[in-house]
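As C-alpha cells, the structure follows; a few thoughts come after it.
Both backbone and side-chain heavy atoms feed into the values below; hydrogens, waters and symmetry mates do not. Indexing begins at 1, ligand by ligand and atom by atom, following the structure's order.
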Amino acid sequence: MKQHSHPRGRFSSRLGYVLSVAGSAVGLGNIWRFPYLAAKHGGGMFLLVYLLLTVTLGYVLIVSETALGRMTGKSPVGAFRAFGQSGALRFGGWVNAVVPMLIVPYYSAIGGWVLKYLVEYLRGDVGRLAGDSYFTGFISSSAGAEGWFLLFSAAVLLVILAGVRQGVERVSKVMMPALILLAVFVTGYSVTRPGALAGVRYFLIPNFANFSWMTVVAAMGQMFYSLSIAMGVLYTYGSYIGKDMDIEKSTGQVELFDTGVAMLGGMMIIPAVFAYSGGDLEALKAGPSLTFVTLPKIFADMGMGQAVGIAFFLMFFFAALTSAISLMETSVSTLQDELGWSRRVCCVVMAGVQLIFGSLACLGYGVLDFVQIFGMALLDFFDFLTNSVMMPVAALATCFLILRRVGVERVAAEVELSSEFRRKGMYRFFLRYLAPACIAVILISSVANVLGWISL
Ligand code: TRP
C-alpha cells in the first residue's frame with residue numbers, strides 16, 4: 001500500500017481554524033436545507049430536537065473526529081487504518097470518505113439553482129421570479145437545470161484544478177459576515193410582514209402535537225449535514241491542528257456559529273411562508289423548493305428587491321461554492337492519498353462522478369421524473385441515502401473505532417492536552433452508552449420507514 005506523506009499544513013491561530021471549519025459548515029445546509037426541514041417536520045419541535053442533538057450527539061462526534069484526526073495526523077481512511085487492518089476498520093474509514101463524493105454532485109445541482117437565481121436577479125425580472133410556478137417550471141425544464149448545474153460544477157472543478165482555494169477562502173471571509181448581515185436584514189423584513197408572527201411562533205415554540213419520530217430522523221440527518229459530521233472532513237481538519245489548539249472551545253464556537261446561521265435561515269423563510277401563503281399551510285411542506293419559492297416573494301415585496309436579491313444570491317452562491325469546493329477537495333485528496341493516482345487523474349474521476357450523479361439529480365425533476373426510488377425523486381433520494389443512511393453508518397463506525405480500538409480514555413486524554421474538557425463526563429457517558437444506541441435506532445427506523453415497514 002502506498003503511503004503518501006504530503007507535508008501537513010497547520011492552522012496558525014484558533015480564529016483561523018474556527019473560521020475555516022465554520023466556513024465549511026455554513027452553506028446550503030443552513031439557508032436551503034434547514035428551513036425546509038424545520039417547516040416540514042414540526043417547526044419549534046424540530047428546532048428543539050435539533051438543538052438538543054447538536055449539544056449532545058453532535059458535540060461528542062465533532063470532538064471525537066477532530067481528536068482522532070489530530071492524534072493520527074491522518075484523514076479518515078488513514079486514521080482508521082492507524083488502529084488496525086481489519087475489514088471492519090477499512091469499511092469504517094471508507095464509508096466516511098465516500099460520503100462527500102456522493103454529496104458534492106447533488107450539492108452542485110442545487111448550487112446551479114442558486115447561480116440561476118443570481119443571474120435572473122441581475123437581469124431584473126423580480127416579479128416573474130416570485131411567481132408561484134416559476135421554480136417548478138425551472139427545475140422541470142431539464143436542459144435549463146442541467147446547464148446551470150454544469151456551469152456551477154465547472155466553477156468548482158476549475159478552482160480545484162487551478163489550486164486557488166486559498167483565494168476563495170479569503171473572499172469567503174468577507175462574504176460570510178456580509179451574508180449574515182444581509183440575512184439579519186431580510187429576517188427583519190420577513191418577520192414584520194402581516195401574518196408573519198404566526199410563523200415566528202411556529203418556528204420558535206415547540207408544540208408537542210407536531211412531534212413525530214420523523215422529526216428526530218430528519219433533525220439528526222440535518223445535524224450531520226450542517227456540521228459536516230460523519231464525512232471525514234473533521235478528521236482532516238483535525239490533522240491540520242497543533243497539540244495546543246483548544247478542541248473543546250473551538251467545537252463550541254463552530255456549533256454556535258453554524259446554528260446561529262441556520263436559525264437566521266429559518267427566521268427568514270418560515271414566517272414569510274405564513275405571510276405569503278394566505279393561510280394555506282400546505283406551503284410548509286414544499287420541501288427542497290421552499291427557499292427558492294419563498295425568498296423571491298420577499299424580495300419582490302421590498303422596495304429594493306432587485307438589489308437585495310442580487311446581493312443575497314451572490315453571497316448564497318459563494319457560501320455554496322466554497323462548501324462545494326471543500327467537499328470536492330476532500331474527495332480528490334482522499335483518492336490521491338489512498339489510490340496513489342495523480343491529482344489530475346483524481347480530478348477527472350471526480351468530474352465523472354459529478355457529471356453522472358449530478359445530472360441524475362438535476363434531471364430527476366425533469367425528463368427522469370418517472371424514476372422514483374421509494375417514492376422519492378432522484379435528488380431527494382441521494383440526499384436521503386447520504387444523510388439518513390450513510391452518515392449514521394459513518395458515525396457508528398467512529399463510535400466503534402473509539403469504543404473497540406482506541407478507548408474513550410485515550411481520546412479524552414488527547415482532548416485534555418489542550419482543553420479543560422469540562423464536558424468530559426457527558427462525553428464519556430454519551431459515547432459509551434447513548435451515542436451508538438441512538439444512532440442505530442434512528443438509522444433503523446428511517447430505513448424501515450422508507451421501505452414501508454413502519455410509518456413514521
Ligand atoms: N455543512 C455544509 C452545509 O451546511 C455542507 C457540507 C457537508 C460540507 N459536508 C461538508 C461543506 C464538507 C464543506 C465540507 O451546507
Closest to atom 8 (C) of ligand 1 (judged by heavy-atom distance), picking from Gly29, Pro100, Ser24: Ser24
Polar atom proximity, Ser228 to ligand 1 (N or O, under 3.5 Å): yes
Residues Glu255 and Thr54: side-chain donor-acceptor under 3.5 angstrom: no
CE-OG distance between Met328 and Ser323, expressed to the nearest 0.5 angstrom: 13.0 Å
Heteroatom distance test (Ser323, ligand 1): nitrogen or oxygen, under 3.5 angstrom: no
Closest protein heavy atom to atom 1 (N) of ligand 1, given as residue, atom name and distance to 0.1 Å: Tyr225 O, 2.9 Å
Min N/O separation Leu28 to ligand 1 under 3.5 Å: yes
Side-chain donor-acceptor pair present, Asp246, Ser419, cut-off under 3.5 Å: yes
Those atoms of ligand 1 less than 4.0 Å from some heavy atom in Ser326: 13 (C), 14 (C)
Closest protein heavy atom (residue, atom, distance) for atom 10 (C) of ligand 1: Leu327 CD2, 3.3 Å
Close N or O approach (Ala25, ligand 1; < 3.5 Å): yes
Under-4.0 Å salt bridge between Glu338 and Arg90: no
Within 6.0 Å of CZ in Arg343, more than 12 heavy atoms from elsewhere: yes
Top protein contact for atom 9 (N) of ligand 1, by heavy-atom distance: Met231 SD, 2.7 Å
Numbered atoms and elements of ligand 1 in range of Asn30, under 4.0 angstrom, heavy atoms: 4 (O)
Salt bridge present between Asp383 and Arg33 (N-O < 4.0 angstrom): yes
Contact with ligand 1 for Phe34, non-hydrogen, under 4.0 angstrom: no
Numbered atoms and elements of ligand 1 in range of Tyr107, under 4.0 angstrom, heavy atoms: 3 (C), 5 (C), 15 (O)
Numbering as shown, the atoms of ligand 1 that approach Ser226 to under 4.0 Å (heavy-atom distance): 1 (N), 4 (O)
Over-ring placement of Arg405 relative to Phe400, 6.0 Å and 45° cut-offs: no
Within reach of ligand 1, part of Arg33 (heavy-atom separation under 4.0 Å): neither
Phe312 and Phe299 aromatic centres sub-6.0 Å: yes
Whether Phe34 and Phe203 hold their rings parallel, tilted or perpendicular, with breakpoints at 30° and 60°: perpendicular
